Amino acid sequence: MTLFILVLLIIIVLFTVKNIRMQFITRPVFSFFKKVLPPLSATEKEAMEAGDVWWEGELFRGKPNWDTLHSYGKPQLSAEEKAFIDNQVMTALTMIDDFDIVQNRKDLPPELWEYFKKEGFFALIIPKQYGGRAFSAYANSTIVSKLASRSVSAAVSVMVPNSLGPGELLTHYGTQEQRDHWLPLLATGEAVPCFALTGPEAGSDAGAIPDEGIVCRKEVNGESVLGLSLTWDKRYITLAPVATVLGLAFQMRDPEGLLGGDEDLGITCALIPTDHDGVEIGRRHNPLNMGFMNGTTKGEDVFIPLDWIIGGPQYAGRGWRMLVECLSAGRGISLPALATASGHTATKTTTAYSYVRHQFGLAIGQFEGVQEALARIIANTYQLEAARRLTTTGIDLKVKPSVVTAIAKYHMTELGRDVINDAMDIQSGKGIQLGPKNYLGHGHMATPISITVEGANILTRSLMIFGQGATRCHPYVLAEMETAAMENEADALERFDSLLLGHMGYASRNGVRAFISALTGSRFNTAPVSGVTKQYYKDMTRVSSALALMTDLSMLMLGGDLKRKEMLSARMGDVLSELYLASATLKLFEDNGRQHDDLPAVHYVMQLRLKNAASALQGAIRNFPNPVVAWVMRIVMFPLGNHFNGPSDALATELCQSMLQPGPARDRLTFLCPDFEGDKGGIAEVEAAFIAQHQCKSIYAKLKQGQKAGSLPRKLTNLALFEAAKAQNIISEDEHKQLLIANELRLDAIHVDDFESL
């Protein structure tokens, strides 16, 4: 006891007496910290400073404030936005023939291009004073999703001018003169924009742009003009073949010191009319046979005035920050909208098809093998819709959540791929035979495009989500890194001492919370709600604490090497992502008014998210380079093992049965794939058959009863069975007619296109 008291007193003195603490703890730790500190490149530092920390910050810190999540509000359309969707968007849908666009034209029809321009589809983000619509991110996402339910090519053509590009860059950074000139032209569609960022040597590593702009003087119309000589070679540029104005990212250099500053100024963005001397719009690409415009552009020694730099000469070298801030908003709206549209379309058509397509005398939706895939489609669609709403909520709150949008881009496009693959598996021949009746084929073909653009998914997962999240969201690490870079050693040590005490307390609390939560099944964690979803909040707090502890231990043990441990950091990023997706799911359930018929989807999604998060934690522990630290993490985080098992087969069946019938729950998961008068495509056919079959449900019950009683043969074709039932007065004449109509609709729905020649 004496020894214990003595040790306790020493510890108390070490931590409470500042001079002693500074000498024996703070100074050695500070020295160690500077050695293991992961160095930040200039582009990384700009990326860190460019965006904002939002809800992901709460998830990263071990004890999320769930009331904060619920305080963000429910995304809603304004009256103007709703009217535009109900009128202009629905009209546009009637003009879309995706089979013609992709297979015949390789372009949108001229009347659709004109309609998009005239009705302001290219002006969704442009302020109203310049003729734009100034719609919310949620409205922008909804419009793109509804268009994508019928044509990815049409949706991409609309989303690009409203994403990363001249319109957004000018709105945020343009000079008044640039805004006054360009934004009205962009709003009316008189100017068609593209933005050239990617080149043969710079893709996901946009900071490695080799294209150059050299500051120089040139005589123009008898005057000596200070400007830039630009040389570039870009590819994969959407809308480039039809663009009239080119946004260009390049490295700006001033070797002669004409601006009186540094020689290497950094990445800069400029706006150049495509008919300007020397600008070349090259040949088209063929992105997986889709019909949207995509191609190349290049130029050699193209002279432009300095005031063509977006924001003017004072924004020279500030292009990287501009791109990071705008890219985060775009990747949180456009590509997630395409993925969510895939989910809504797959859910609407596959639930309908599974009900009307019969094999072995049963609707294929009654087979458990089909239900397994169908449950994934429904649950992933609920997840996609939830993430779409939460992410656009953040953007509409005027934050720039770069980590959240990286999560949304990566996970939502991957979920979109999973959904379309499962839908193709269930609908089989219906999905692979291309034609006007096929509503899955082009979406399936286009899915990898979303996976690769605006940052390849592999690198987004392995480098961005945790790489930025760990530093940006941690309450102490970024401040500690800034302290380590301070020139005044005494001031740095003083600040670090304060940070260190807070950091140690933070890490200790997370370790204790993670351990107690694991031992007690999260029983003592708090939740903002009661009822069936309460436990999910508690379990997510447990996972958040475990992630925070693992992050601290990883940074402490690996330091700068953590950046190179991409598989390890990707798994920790997966934990953060699963927490974000789960948060979005619970938020959607609350926003929808805690609808009871949503619960099967909520249970399935939440159990899957927790299972995936726990598996990612275990994977990180199993592959942690230091076995002693790995053992400690395993004891703290999973002392009783991993009991997050994911959704059961019974839950999958319940989820499918709830969605194989018309109703509000199904409507909430398919509204981005709308019905409209005059829709003659395959979606309208399969939905009409689905409704008609349900309306005949009681009549089919009479037929089954007749077969059970032996008055009707069991093995008859549908038409013969209907006739026999009518002849025996089991069904009436009107019921017989109703069955014939429903059966005709069913056959129309399951038939595929054929052609005389290809």
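Since the model is a prediction, treat every value here as computed from it, not as a measurement.
The closest side-chain donor-acceptor pair between Thr351 and Arg666 falls under 3.5 angstrom. If you check the side chains of Glu723 and His736, you find a donor sitting under 3.5 Å from an acceptor. Donor-acceptor pairing under 3.5 Å is lacking for the side chains of Gln661 and Tyr355. If you check the side chains of Asp734 and Gln738, you find no donor sitting under 3.5 Å from an acceptor. Under 3.5 Å, the side chains of His411 and Ser577 contain a donor-acceptor pair of N or O atoms. In summary, the side chains of Asn289 and Lys106 do present a donor paired with an acceptor at a separation below 3.5 Å, with no hydrogens or angles considered.
Phe121 and Phe116 have tilted rings, their planes meeting at an angle from 30° to 60° on a 0 to 90° scale.
At most 12 heavy atoms of other shown residues, nucleotides or ligands fall within 6.0 angstrom of atom CZ in Phe360. A 6.0 Å sphere centred on CD of Glu111 holds more than 12 heavy atoms belonging to other residues, nucleotides or ligands. Remark: Glu372 CD is loosely packed, at most 12 non-hydrogen atoms of other residues, nucleotides or ligands lying under 6.0 Å away. No more than 12 heavy atoms of other residues, nucleotides or ligands shown are found within 6.0 angstrom of CD1 on Ile458.
Taking 4.0 Å as the cut-off between side-chain N and carboxylate O, Lys348 and Asp675 count as a salt-bridged pair. Under a 4.0 Å N-O distance rule, the pair Arg417/Glu414 qualifies as a salt bridge. We find that Asp574 and Arg461 are joined by a salt bridge, their nearest charged nitrogen and carboxylate oxygen being less than 4.0 Å apart.
Partners of Met90 according to the side chain to side chain contact (heavy atoms under 4.5 Å, CB included) rule, which considers only residues two or more places apart in sequence or in another chain, are Leu93, Pro674, Phe676. Applying the salt bridge (charged side-chain N to carboxylate O under 4.0 Å, His left out) rule to Lys82 yields the partners Asp86; only residues at least two apart in sequence or on another chain are considered. Asp100 pairs by the salt bridge (charged side-chain N to carboxylate O under 4.0 Å, His left out) definition with Arg105, not counting sequence neighbours. When the side-chain hydrogen bond (donor to acceptor under 3.5 Å, both in side chains) test is applied to Gln103, the partners found at least two apart in sequence or on another chain are His442. Shown here are the side-chain hydrogen bond (donor to acceptor under 3.5 Å, both in side chains) partners of Tyr439, two or more places apart in sequence or in another chain: Gln427. For Asn743, the side-chain hydrogen bond (donor to acceptor under 3.5 Å, both in side chains) partners two or more places apart in sequence, or in a different chain, are Asn718, Arg746. Under the side chain to side chain contact (heavy atoms under 4.5 Å, CB included) criterion, Ser354 pairs with Thr350, Ile364, Val370, Leu374, Ile426, Leu660, sequence neighbours left out. Under the side-chain hydrogen bond (donor to acceptor under 3.5 Å, both in side chains) criterion, Thr413 pairs with Asn457, not counting sequence neighbours.
Between Tyr382 and Tyr604, the distance separating the two ring centers is not shorter than 6.0 angstrom.
In this structure, the side chain of Ser151 does not engage the main chain of Ala148 through any donor-acceptor pair within 3.5 Å. With hydrogens and angles disregarded, a donor-acceptor distance shorter than 3.5 Å links the side chain of His751 to the backbone of Leu747. Using a distance-only test at 3.5 Å, with no hydrogens or angles considered, no donor-acceptor pair links the side chain of Thr391 to the main chain of Gly332. Here the side chain of Glu385 pairs no donor or acceptor atom with the backbone of Leu669 at under 3.5 angstrom.
Counting only residues at least two apart or in different chains, salt bridge (Lys or Arg N to Asp or Glu O under 4.0 Å) contacts with residues 581-604 comprise Lys587-Asp591, Glu590-Arg594, Asp597-Arg668, Asp598-Arg668. For residues 142-151, the pairs satisfying salt bridge (Lys or Arg N to Asp or Glu O under 4.0 Å) are Arg150-Asp679, with sequence neighbours left out.
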Report, one line per pair, each donor and acceptor closer than 3.5 Å where one atom sits in a side chain of residues 136-144; sequence neighbours left out.
residue	atom	partner	partner atom	Å
Ser136	OG	Glu81	OE2	3.1
Ser136	OG	Ala139	N	3.0
Ser141	OG	Arg388	NH1	2.9
Thr142	OG1	Tyr138	O	2.8
Thr142	OG1	Arg388	NH1	3.0

What side-chain donor-acceptor pairs closer than 3.5 Å can you find for residues 644-651, not counting sequence neighbours?
residue	atom	partner	partner atom	Å
Ser648	OG	Leu651	N	3.1

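From Ser145, atom OG reaches atom CG of Leu384 across 9.5 Å, with rounding to the nearest 0.5 Å.
Nearest heavy-atom pair, Ser615 versus Asn642, reported as atom, atom and distance to 0.1 Å: N-ND2, 4.3 Å.
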Item to check | CA sep, side-chain torsions, deciding dist, call: Gln693, Tyr700, side-chain hydrogen bond (donor to acceptor under 3.5 Å, both in side chains) | outcome: CA-CA 9 Å; Gln693 289 290 307; Tyr700 279 113; 3.3 Å; yes

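Between Met159 and Leu335, some side-chain heavy-atom pair lies under the 4.5 Å cut-off. Contact check for Val156 versus Met290: no side-chain heavy atoms found under the 4.5 Å cut-off. Counting heavy atoms from C-beta on, the side chains of Met606 and Thr585 come closer than 4.5 Å. Using a 4.5 Å cut-off on side-chain heavy atoms (C-beta onward), Tyr353 and Ile750 make contact.
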